[in-house]
Amino acid sequence: MKIASWNVNSLNVRLPQLQDWLRDFAPDVVGLQETKLEDHRFPDAALAELGYRSVFHGQKTYNGVAILARERALDDVQVAIPGFDDVQARAIAATVNDVRIVNLYVVNGQDIGTEKYAYKLRWLDAVHGWLADELRKHPKLVVLGDFNIAPDDRDVHDPATWNDDHILTSTAERAALKRLLDLGLHDGFRLHHDGAGIFSWWDYRQAAFRRNLGLRIDLTLVSDALKDDAVDAGIDRTPRTWERASDHAPAFVTLRG
DNA sequence: ATGGTTGATTTTCAA
């Protein structure tokens, strides 16, 4: 089962690319972020033509998440973080076969010391409580999404700039991510790749993609119970090369069976 | 320090 995460940065703009990518890459499950669509505008019929069922949680202009599954049901759908008052559509979960999928669009946080940064840390704290509960109910758990945190220095093109005092790499953000991993989750990518310089996001500015000035902030985490089943993981750079691309490339993990 | 680019709605905001 190939499970992927892609921040599409507007599904309205990116739908043709998503359709092409679903045909080419043929993931079994996909978490999308930044759909930027109200639910009544979600293109579920167009995706159904390719064999994908969809569940989604969106809003106008910003944010928005969805989970797609090919030829499989999406059960026990949870929209938003339980018990956390949030006007932003950033989280959705569903069960596919016997695997629980949690899809997150983690708050960006703008800059350290801002209100948005404080919201990011509060939001991640709420996610921690939610995932602890999900793990109790569903030992086979995959948590994927745009985490807006680069786990360590191998995941940034310039560690001198992307340091302890910088957004997406700050001490508090990395500590919050580590706290999630300490629940019993593993970065699928790092189960199969040790090296530096493989990224999932490149700024639109300064020809960052051409120069590979990126970060790896899109993650696919697998629980202890799934660790030995995660036979492959990576990032599909292809959609980032297309005309009018999203600034993110899809990250994926493949589970045996 | 600033700015560079893209997307959705504007006369900026968010990333």
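Taking atom P in both B/dT2 and B/dT6, one finds a spacing of 23 Å when rounded to whole Å. With P as the reference atom, B/dG3 and B/dT12 are 15 Å apart, rounded to whole Å. Comparing B/dC13 with B/dT9, their C1' atoms sit 9 Å apart, to the nearest whole Å. For the C1' atoms, the distance linking B/dG7 with B/dT11 amounts to 16 Å, nearest Å. Between B/dT10 and B/dA14, the two C1' atoms lie 13 Å apart (nearest whole Å).
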I'd like a table of donor-acceptor pairs (distance under 3.5 Å, sequence neighbours excluded) in which one partner is a side-chain atom from residues 166-180 of chain A, with atom names and distances.
residue, atom, partner, partner atom, Å
A/Thr169, OG1, A/Asn163, N, 3.3
A/Thr169, OG1, A/Asn163, O, 2.8
A/Thr169, OG1, A/His166, O, 3.3
A/Ser170, OG, A/Tyr117, OH, 2.8
A/Ser170, OG, A/Glu173, N, 3.4
A/Ser170, OG, A/Glu173, OE2, 2.5
A/Glu173, OE1, A/Lys120, NZ, 2.5
A/Glu173, OE1, A/Leu168, N, 3.0
A/Glu173, OE2, A/Leu168, N, 3.1
A/Glu173, OE2, A/Ser170, N, 3.4
A/Arg174, NE, A/Ala150, O, 2.8
A/Arg174, NE, A/Pro151, O, 3.2
A/Arg174, NH2, A/Ala150, O, 3.2
A/Arg174, NH2, A/Asp152, O, 3.3
A/Lys178, NZ, A/Asp182, OD1, 3.4
A/Lys178, NZ, A/Asp182, OD2, 2.8
A/Arg179, NH1, A/Asp125, OD1, 3.0
A/Arg179, NH2, A/His128, ND1, 3.4

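To the nearest angstrom, P of B/dT5 lies 13 Å from CZ of A/Arg240. Regarding A/Arg244, its CZ atom lies at a distance of 9 Å from the C1' atom of B/dT6, rounded to whole Å. Distance, A/Asp203 CG to B/dT6 P: 10 Å, rounded to whole Å. Protein atom CZ of A/Arg211 is 13 Å distant from nucleotide atom P of B/dT5, rounded to whole Å. Atom pair A/Leu32:CG and B/dG7:C1' shows a separation of 17 Å (rounding to whole Å applied). For the pair A/Leu213 CG and B/dG4 C1', the computed distance is 12 Å after rounding to whole Å.
For the pair A/Lys2 and A/Phe25, the cation-pi criterion (under 6.0 Å, within 45° of the ring axis) is fulfilled. For A/Arg216 and A/Phe199, the positive end is not near the middle of the six-membered ring at less than 6.0 Å and at most 45° from its axis.
Rounded to the nearest 0.5 angstrom, A/His192 NE2 and A/Asp187 CG are separated by 10.5 Å. Here the OG-CG distance, from A/Ser223 to A/Leu183, works out to 11.0 Å after rounding to the nearest 0.5 Å.
Note on A/Leu37: it clusters hydrophobically with A/Leu18, by side-chain heavy-atom contacts below 4.5 Å among ILVMFWY residues.
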Can you give one letter per nucleotide of nucleotides 10-15 of chain B, 5' to 3': B if a protein heavy atom sits under 4.0 Å from the base, S if only from the sugar-phosphate, - if neither?
----SB
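Heavy-atom distances to DNA chain B give each of A/Asn9 and A/Gln206 a nearest nucleotide, and the one nearer the 5′ end belongs to A/Gln206.
Atom NZ of A/Lys140 sits in a sparse spot, with 12 or fewer heavy atoms from other residues, nucleotides or ligands closer than 6.0 Å.
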